[in-house]
Amino acid sequence: MSAKNFLEEIIEADLKSGRHQRIVTRFPPEPNGYLHIGHAKSIHLNFGLADKYGGITNLRFDDTNPTTEETEYVESIKRDIRWLGYEWENEFYASDYFERLYEFAEKLIRKGLAYVDDSTSEEIAAMKGTPTSPGINSPYRNRSVEENLDLFRRMRAGEFPDGMRVLRAKIDMASPNMHLRDPVMYRIKHEAHHRTGTDWCIYPMYDFAHGQCDSLEGITHSICTMEFEVHRPLYEWFIEQLEIFPSRQYEFARLNLSYTVLSKRKLLQLVNEGHVSGWDDPRMPTLSGLRRRGYTPEAIREFCERIGVARRDNVVDVGLLEYCIREDLNRRAQRRMVVLSPLKLILTNYPEGQTEWLPLENNPEDASAGMREVPFSRELYMEQEDFMEMPVKGFLRMAPGRLVRLKGAYVVRCDDVVKDEKGAVVAVRATYLPETRSGGASEVKVKSTLHWVCAAHAVPVKVLLYDRLFQVEHPAAQDEPLHTLLNPQSLAIVEQAMAEPSLRQAAPGEYFQFLRKGYFTPDLTTTPDRPVFNRTVTLKDHWAAKQPAGAGS
RNA sequence: UGACCUGUGGUGUAACUGGCAACACGUCUGACUCUGGAUCAGAAGAGUCCUGGUUCGAGCCCAGGCAGGUCAACCA
């Protein structure tokens, strides 16, 4: 491995000093939404670190808020983590610890460090002060231990309605850290929980749950994102007052990716407002969206490795993600030929009714991928953009009088074109050079090689071409409403592309490179009668990059 | 007008804990190629937010600024 990141240095120091014999990490999602690429960074860190240093990682659902959490999300989260290739040591839920947490709360009450507050949430907010001015003590702050215990037990027993009272830690209303100004520990919610049902009507807040759960599980390194840094003094305060295993919290900067958003709220908004088809729309940065788009878990893990970890704000170029998937797919994707925008190509000197089955390699990067046979005959389809009647400077492809090679077949010479009444080119006529058949020893040199599909055997397929969802590099930093920043070209639908016959059987989970066009994968909705492919990413294309905007697809 | 965190090429991370800034992506050349892909070779690009200080020597230490981020949910 390369240079160590700051978490690895901390862990190595802890191992070396004997503070820990073995490290224990955890991935703690709240089951209220789908995982995205930002979570992948966290997963990769937590599982990766434990793996590297011979420790273990628990999966713990942070389910302390019954109003937003659902079992459906639990399942999708587990599926996504496994898909990424990680397996947890234990599957836990914060709700597993509700009884222990309750006992902890009573302990703090007995120590005079927690009290029941009858103030309304508005009053509590008002007494809290602001970041620049201190708060003031609640009138209920000095209740006796007995009264607090009694009230808290009656809260649990369901004697009070939602919002009537809360349990608060008694710390310091003048602390410069807002989180230390007598934070709420428990609130009353007469609501069914996805796991504990109606056993409870009081639920612990994040701050009174997370650290103690970490501690109960013996988590040595509790790794979270920077926004929790201000919570750390409170995290430590609870552990210290409770005199329990001292888990420690470390923060890292969350991932930002260019041309997309990575916040559950904003992603949900895209779904709700109908800008995408759902959480697994292939344009979404969710793991389910990326999977459907054709991203491999290996590529995503490689991406997570390459972006590194630090504590400063960052915006990673989505180009790096694309680099990672290209690198992976180049090695493993089978090559196929598909013409996205068909133009008839007629080989005038090729015998009518004859068909040759030509061998083409499935993957030039991997000889073990073998060969396949592809039909070839007099009438073919070629790509419209591979022909120019009046070629511009630098255009290497087909034009009148030019020789080009048809991949895996023959060199052909373009003779003339067929036009419709409006003057548009509807077909290209060419002659083929029989001696230039692939695999032979022909001397003929050409400037370019084109992909093609035999017209008589072509399978019509639907192809979905995706581009970045947003047109601005950092949409999250803009003030404008989200929908005004969307890229109107993020999805282009090709209803009828022409594919070589072997693609009819393609199933989701397979990866292909459509020669010269990019990497593609069958969509979830594909059927043998109506094959549908998603474009994962284009191939790098130095020619297209130099053309005026909008020239390529 | 508070506290805390952060500030290194376009982007993301490094720099043996003080010894004249490295790697990857991107960009640009060229070679090769039956994918304008891949591969190979090479180049440009920062003097480390600013100003002082300590030191033989500072991106690393100190002081003061500046800039960005975070914090005022009975969310996590």
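First the proteins, then the strands, lettered A, B, ... as listed; each starts at 1.
The backbone N or O of A/Phe27 lies less than 3.5 Å from no partner atom in the side chain of A/Asn46, so there is not a single donor-acceptor pair. A side-chain donor-acceptor contact under 3.5 Å links A/Arg181 to the backbone of A/Lys128.
Protein atom NE2 of A/His193 is 10 Å distant from nucleotide atom P of B/A76, rounded to whole Å. In this structure, the NZ atom of A/Lys4 is 12 Å from the C1' atom of B/U17, given to the nearest Å. In this structure, CD of A/Glu122 is placed 11 Å from P of B/A73, rounded to the nearest angstrom. Counting to the nearest Å, the C1' atom of B/C23 and the CG atom of A/Leu320 are 13 Å from each other.
Residue A/Lys264 is classed as having no contact, given no heavy-atom separation below 4.0 Å to the nucleic acid. Within 4.0 Å (heavy atoms only), A/Glu9 reaches at least one base atom of the nucleic acid. Among the heavy atoms of the strands, none lies under 4.0 Å from A/Thr225. Across all strands shown, A/Val411 has no heavy atoms under 4.0 Å from either base or sugar-phosphate atoms. Nucleic acid contact for A/His210: none, since no nucleic acid atom lies under 4.0 Å from a heavy atom of the residue. Among the atoms of the strands shown, only primed sugar atoms or phosphate atoms (P, OP1, OP2) are found under 4.0 Å from some heavy atom of A/Thr64. A/Val184 comes within contact range of the sugar-phosphate backbone alone, with a heavy-atom separation under 4.0 Å but no base atom that close.
B/U8 and B/U13 have their P atoms separated by 9 Å, given to the nearest Å. Only the P atoms considered, B/G2 is 14 Å distant from B/G64, to the nearest whole Å. The same atom, P, is picked in B/G26 and in B/A67; the two are 35 Å apart, to the nearest Å. Separation of the C1' atoms belonging to B/A22 and B/A46 is 12 Å when rounded to the nearest angstrom. If you take atom P in B/C5 and the same atom in B/A63, they sit 13 Å apart, rounded to whole Å. Between the P atoms of B/A24 and B/G19, the separation comes to 23 Å (whole Å). The separation of B/C49 from B/U35, taken at their P atoms, amounts to 46 Å, rounded to a whole angstrom. Using atom P as the reference point in both B/U29 and B/U11, the two lie 22 Å apart (nearest Å).
The base-pairing partner of B/C40, taking Watson-Crick or G-U wobble contacts with both distances under 3.5 Å, is B/G30. Of all nucleotides present, none satisfies the Watson-Crick or G-U wobble test against B/A72 with each distance under 3.5 Å. Remark: B/C23 base-pairs with B/G12. Criterion, Watson-Crick or G-U wobble with two distances under 3.5 Å. Pairing for B/G59 is absent, with no Watson-Crick or G-U wobble pair whose two atom distances lie under 3.5 Å. The pairing partner recorded for B/G47 is none, the criterion being a Watson-Crick or G-U wobble arrangement whose two distances lie under 3.5 angstrom.
Base orientation at B/U17 is syn, since its O4'-C1' glycosidic dihedral falls within 90° of 0. Because its glycosidic torsion is within 90° of 0, B/G47 is reported here as syn.
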Any protein N or O atoms within reach of nucleotides 67-70 of chain B? Criterion: under 3.5 Å, listing atom names and distances.
| residue | atom | partner | partner atom | Å |
| --- | --- | --- | --- | --- |
| B/G69 | O4' | A/Asp313 | OD2 | 3.2 |

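Closest contact between the side chain of A/Arg306 and the listed nucleotides B/C25, B/U13, B/C74 involves B/C25. When distances run from any side-chain atom of A/Met178 to the nucleotides B/A72, B/U13, B/A76, the shortest one goes to B/A72. Proximity note for A/Asn65 (side chain, C-beta onward) versus B/A14, B/A76, B/G2: the nearest is B/A76. Relative to the side chain of A/Arg311, the nucleotides B/A14, B/U6, B/A73 differ in distance, and B/U6 lies closest.
More than 12 heavy-atom neighbours from other residues, nucleotides or ligands sit within 6.0 angstrom of CZ on A/Arg326.
Note: A/Tyr410 and A/Phe376 have tilted aromatic rings, judged against thresholds of 30 and 60 degrees for the angle between ring planes.
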Output a table of donor-acceptor pairs, distance under 3.5 Å, between side-chain atoms of residues 257-265 of chain A and any protein atom two or more places apart or on a different chain; print 'none' if there are none.
| residue | atom | partner | partner atom | Å |
| --- | --- | --- | --- | --- |
| A/Ser258 | OG | A/Val318 | N | 2.9 |
| A/Ser263 | OG | A/Lys266 | N | 3.1 |
| A/Lys264 | NZ | A/Asn32 | OD1 | 2.6 |

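Each of A/Tyr186 and A/Pro176 was assigned the nucleotide of RNA chain B with the nearest heavy atom; the assignment lying further toward the 5' end belongs to A/Pro176. Summary of the strand contacts: A/Asn5 and A/Thr130 both lie near RNA chain B, and taking for each the nucleotide with the nearest heavy atom, the more 5' one is attributed to A/Asn5.
A donor-acceptor pair shorter than 3.5 Å cannot be found between the side chains of A/Ser175 and A/Asn177. Residues A/Glu327 and A/Tyr323 have side chains that bring a donor and an acceptor to within less than 3.5 angstrom of each other. Judged by distance alone, the side chains of A/Tyr235 and A/Gln249 never bring a donor and an acceptor atom under 3.5 Å apart. A donor and an acceptor atom, one from each side chain of A/Ser502 and A/Arg336, are located under 3.5 Å apart.
Within 3.5 Å, a donor on the side chain of A/His231 pairs with an acceptor on the base of B/A76, or the reverse.
A/Asp328 meets the side chain to side chain contact (heavy atoms under 4.5 Å, CB included) test with A/Thr296, A/Glu298, A/Ala299, A/Arg331, A/Arg332; sequence neighbours excluded. In this structure, the side-chain hydrogen bond (donor to acceptor under 3.5 Å, both in side chains) partners of A/Ser95, at least two apart in sequence or on a different chain, are A/Asp63. Scanning for side chain to side chain contact (heavy atoms under 4.5 Å, CB included) contacts around A/Pro364 gives A/Arg335, A/Glu361, with sequence neighbours left out.
One finds a side-chain N or O of A/Arg312 lying less than 4.0 angstrom from the OP1 or OP2 phosphate oxygen of B/U8.
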Letter by letter from the 5' end, nucleotides 33-49 of chain B scores (B base, S sugar-phosphate only, - none; protein heavy atoms under 4.0 Å) -BBBBS-----------
